[in-house]
There are 2 protein chains.
Amino acid sequence: MPGMGRWQPDARGRLARAALELYVERGFDRTSVAEIAERAGLTERTFFRHYADKREVLFAGSSALQEVLAHAVAEAPGSATPLDAVAVALEGAAAVLEERQEHARQRQSVIDANTELQERELIKLASLSGTLAEALRERGVDEASAGLAAEVGIAVFKFAFRRWVDRTEEKELAQFVREALAGLRAVTADA
Amino acid sequence: MPGMGRWQPDARGRLARAALELYVERGFDRTSVAEIAERAGLTERTFFRHYADKREVLFAGSSALQEVLAHAVAEAPGSATPLDAVAVALEGAAAVLEERQEHARQRQSVIDANTELQERELIKLASLSGTLAEALRERGVDEASAGLAAEVGIAVFKFAFRRWVDRTEEKELAQFVREALAGLRAVTADA
DNA sequence: ACGTTTGATGACAGTCACTGACATCGCTCG
DNA sequence: CGAGCGATGTCAGTGACTGTCATCAAACGT
């Protein structure tokens with residue numbers, strides 16, 4: 001198992017916590033990797049052995065969302081339309097974030113304050129879209145519908161997540177997701 | 001007017017052309033800013049006076065798309081639904097890219113080969129989404145519908161643009177946009 | 001028990017993106 | 001013709017990231 005060596009355990013987790021703390025305290029661009037490593041009791045070089053770059057330390061958890069989305073789409077009832085399956089998956093992802101809402105909101109405030117981090121977030125979301133599309137294809141959904149449903153699903157999730165983070169209304173993220181999906185159907189239907 | 005000084009004219013344009021050439025020839029990350037500047041007959045420092053960073057030189061044209069989208073939404077017929085207005089705007093943007101399809105495809109091949117460039121592209125697209133949403137709000141569209149229609153519109157455009165670049169079928173970009181919008185309505189309608 | 005191997009880390013030098021400060025040069029305006 | 005100005009050059013510096021080799025404690029085989 002990782003982190004069971006002779007050193008302090010969980011070097012990776014210590015780095016992630018130190019990084020988030022410093023990004024909150026002093027801002028992303030006023031924090032150097034050397035400072036993160038120092039707070040974690042490690043060296044700069046070791047930071048880069050655990051995380052590809054200074055931004056990635058905030059996005060390591062996205063692989064967990066990948067799995068949630070993929071499994072949810074795969075296990076959606078066979079009668080579900082592509083968008084139904086996506087909806088189920090998005091609610092699953094919402095539940096994951098809801099469990100760690102404090103961490104999620106703190107992390108998001110750091111991202112919202114820095115353009116480079118926003119870029120990284122967008123490519124992670126695009127990756128999630130790719131995961132959704134792939135899972136839909138494995139259900140037998142045609143290429144075009146899979147790609148569109150995935151892209152649009154992620155667009156809906158971005159929208160819902162923003163409202164949840166903003167805390168204008170106190171609702172669960174999953175509720176915002178349902179409302180955004182209803183809004184989508186309204187926007188695409190009226191003509 | 002810019003570029004009318006004592007030096008070779010259009011330093012900015014020379015930098016942009018030199019950069020695209022080198023990115024095509026040797027790849028983005030094997031090209032240094034010093035090399036770009038040298039090919040343009042300038043210094044590295046001057047490159048950074050014209051472009052904020054090494055990636056931005058590929059995305060300077062996106063402000064033109066901003067304007068096209070904003071104007072198209074503003075001038076769409078009053079009877080148009082939010083998604084109709086977005087559709088008109090996307091076809092306008094498609095026309096702009098169609099005029100420079102060779103440049104657009106070459107540029108896209110560079111972007112497709114590099115993750116950092118994909119990140120920058122995504123945030124530019126998100127910015128376009130913001131522009132669309134703002135323009136819709138100025139038409140009196142409510143906040144939620146504006147945000148959703150804009151997000152979904154950009155998602156549709158990404159999808160259409162990809163198919164156009166892939167050249168699997170030889171159609172105009174605007175045609176792919178129309179088909180993607182039809183696909184969107186199908187995906188959101190069937191239940 | 002002891003030598004070997006292994007995996008995570010440290011140490012260190014190097015490249016390159018990007019920035020701030022100041023010098024230069026010719027064009028323009030008065 | 002001299003002063004100001006705008007675009008560029010020069011140079012030094014910071015910090016992200018990488019390659020390479022050394023180190024050390026734990027696990028492993030004999």
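So that the names make sense, note that chain A is the first sequence line, chain B the second, and so on, each numbered from 1.
- Scanning residues 13-28 of chain A for heavy-atom distances under 4.0 Å to DNA chain C yields an empty list.
- Of all nucleotides listed (D/dA16, C/dT9, C/dA17), C/dT9 comes nearest to the side chain of A/His50.
- Counting heavy atoms from C-beta on, the side chains of B/Phe159 and A/Val152 never come closer than 4.5 Å.
- Qualifying side-chain hydrogen bond (donor to acceptor under 3.5 Å, both in side chains) partners for A/Glu21, counting only residues two or more places apart in sequence or in other chains: A/Arg39.
- When rounded to the nearest whole Å, the span between CZ of B/Arg49 and C1' of C/dC22 equals 11 Å.
- Within a 6.0 Å radius of CD in B/Glu25, more than 12 heavy atoms belonging to other residues, nucleotides or ligands are found.
- Remark: P of D/dA16 and CZ of A/Phe47 are 9 Å apart, rounded to the nearest angstrom.
- Within residues 115-126 of chain B, no residue is approached by DNA chain C to less than 4.0 Å at the level of any non-hydrogen atom.
- Partners of A/Glu91 by side-chain hydrogen bond (donor to acceptor under 3.5 Å, both in side chains), not counting sequence neighbours, listed by chain and number: A/Arg178.
- Rounded to whole Å, the distance from OH on B/Tyr51 to P on C/dT19 is 16 Å.
- Straight-line distance from the CD atom of A/Gln8 to the P atom of D/dA26: 13 Å, rounded to whole Å.
- Put simply, NZ on B/Lys54 is 9 Å from P on C/dC16, counting in whole angstrom units.
- Considering only residues two or more places apart in sequence or on other chains, A/Ser62 meets the side-chain contact (heavy atoms from CB on, under 4.5 Å) condition with A/Lys124.
- For the segment residues 36-46 of chain A, residues with any heavy atom less than 4.0 angstrom from an atom of DNA chain D are, sorted by number, A/Glu44, A/Arg45.
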